[in-house]
Amino acid sequence: EDYNIVCDTGMPAGMKRKTGRKIILNIVVVDGMGGGMGSQVVSQLVGQKIDEKARIVALGTNSHATNSMLRAGAAKGATGENAICFTIRCADIIIAPIGVVIPNAMLGEITPRIAEAIACADGKKILIPVAQTHFEIVGLEIRPLVQQIKEAVVRVVEILEVDCKV
């Protein structure tokens with residue numbers, strides 16, 4: 001089976017890809033800095049044995065983040081602003097820290113172009129509320145990052161169970 005990210009099918013971004021009788025979704029994990037959060041997400045997704053329903057693509061704002069997610073088990077990876085802005089169009093599910101939709105977040109690693117591309121992407125966004133120095137989200141319960149990542153992975157599995165039925 002070809003594990004290239006399917007983007008040139010002529011279908012609008014965010015639509016399911018059919019491979020024979022199977023539906024395969026593109027799960028894109030975006031991270032920056034050291035890639036610690038992204039690699040935890042990828043590792044937990046791989047542990048859910050979802051490879052029959054989805055392929056995991058790692059997009060990092062820097063090579064360290066991308067490599068961390070690839071080592072955790074992502075099928076493909078790409079690095080940098082253009083790679084993120086191009087590849088995000090093919091995502092069915094996007095998992096990332098909330099800062100990816102806020103320009104100049106993550107110590108400036110999220111450019112305005114990256115933030116716009118992710119925010120405007122058709123894929124379902126599962127954003128993890130990680131604290132940023134220049135903004136606050138009021139009303140969120142403060143919980144350990146490990147618990148938030150687990151909840152995000154559970155949500156992805158729920159989406160896959162619904163969307164990948166033949």
Side-chain angles (χ1 to χ4, degrees), residues 2-17 24-46 50-51 53-137 140 145-146 148-153 155-156 159-160 163:
D2 183 17
Y3 277 91
N4 289 324
I5 188 161
V6 180
C7 200
D8 57 354
T9 61
M11 292 190 297
M15 289 192 66
K16 303 171 202 169
R17 283 74 156 137
I24 304 221
L25 299 182
N26 289 318
I27 298 174
V28 175
V29 181
V30 183
D31 202 5
M33 313 293 281
M37 191 212 73
S39 63
Q40 288 179 57
V41 169
V42 170
S43 179
Q44 287 192 31
L45 286 170
V46 168
I50 61 168
D51 53 337
K53 298 178 180 178
R55 65 180 54 98
I56 303 168
V57 178
L59 296 179
T61 59
N62 61 66
S63 60
H64 188 70
T66 305
N67 286 332
S68 291
M69 292 185 282
L70 285 169
R71 281 193 304 274
K76 289 269 186 193
T79 302
E81 180 184 69
N82 196 62
I84 292 170
C85 292
F86 176 78
T87 308
I88 205 73
R89 299 177 302 164
C90 307
D92 295 296
I93 301 171
I94 301 163
I95 307 171
I98 196 163
V100 299
V101 295
I102 299 169
N104 303 311
M106 297 167 64
L107 299 176
E109 287 192 18
I110 302 302
T111 65
R113 187 170 167 235
I114 290 173
E116 181 180 14
I118 294 172
C120 294
D122 288 338
K124 173 105 174 143
K125 290 156 210 65
I126 298 174
L127 301 176
I128 299 169
V130 180
Q132 297 289 312
T133 58
H134 63 291
F135 72 89
E136 265 183 62
I137 300 175
L140 287 179
L145 181 59
V146 173
Q148 293 178 10
I149 290 170
K150 186 175 183 177
E151 290 173 16
V153 169
R155 181 65 187 121
V156 170
I159 292 168
L160 290 174
D163 285 359

Gap separating the [atom1] atom of [X] from the [atom2] atom of [Y], nearest 0.5 angstrom:
X      : Y      : atom1 : atom2 : result
Asn26  : Asp92  : CG    : CG    : 5.5 Å
Asn104 : Thr111 : CG    : OG1   : 8.0 Å
Asn62  : Asp31  : CG    : CG    : 8.5 Å
Leu25  : Leu160 : CG    : CG    : 5.5 Å
Leu127 : Gln148 : CG    : CD    : 11.5 Å
Thr87  : Leu59  : OG1   : CG    : 5.0 Å

TODO: Kindly indicate, with the supporting measurements, whether the criterion side chain to side chain contact (heavy atoms under 4.5 Å, CB included) is fulfilled by Ile126 and Ile93.
DONE: CA-CA 7 Å; Ile126 298 174; Ile93 301 171; 3.9 Å; yes
Task: side chain to side chain contact (heavy atoms under 4.5 Å, CB included) assessment of Met69 paired with Gln40 - done: CA-CA 8 Å; Met69 292 185 282; Gln40 288 179 57; over 6 Å; no
Do you know the tightest heavy-atom contact between [X] and [Y]?
X      : Y      : answer
Thr79  : Ala83  : O-CB, 3.4 Å
Ala65  : Gly32  : CB-O, 3.7 Å
Pro112 : Pro103 : CA-CB, 3.9 Å

Task: Residues, nucleotides or ligands: over 12 heavy atoms within 6.0 Å of Glu151 CD - done: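 Atom CD in Glu151 is crowded, with more than 12 foreign heavy atoms closer than 6.0 Å.
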TODO: Count the heavy atoms belonging to other residues, nucleotides or ligands that lie under 6.0 Å from NZ of Lys125, then report whether that count exceeds 12.
DONE: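 More than 12 heavy atoms, drawn from other residues, nucleotides or ligands, come within 6.0 Å of this atom.
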Taking the side chain as every heavy atom from C-beta outward, state whether [X] and [Y] have any atom pair closer than 4.5 Å.
X      : Y      : value
Val30  : Ile95  : no
Ile50  : Ile27  : yes
Lys150 : Gln44  : yes
Ile94  : Lys124 : no
Ile98  : Ile128 : no
Ile102 : Ile110 : no
Val41  : Ile56  : no
Val29  : Val57  : no

Task: Criterion side-chain hydrogen bond (donor to acceptor under 3.5 Å, both in side chains) on Ser68 and Ser39, from CA distance to verdict - done: CA-CA 6 Å; Ser68 291; Ser39 63; 5.3 Å; no
- [ ] Check the pair Met106 / Val100 against side chain to side chain contact (heavy atoms under 4.5 Å, CB included), numbers first and verdict last.
- [x] CA-CA 8 Å; Met106 297 167 64; Val100 299; 4.2 Å; yes
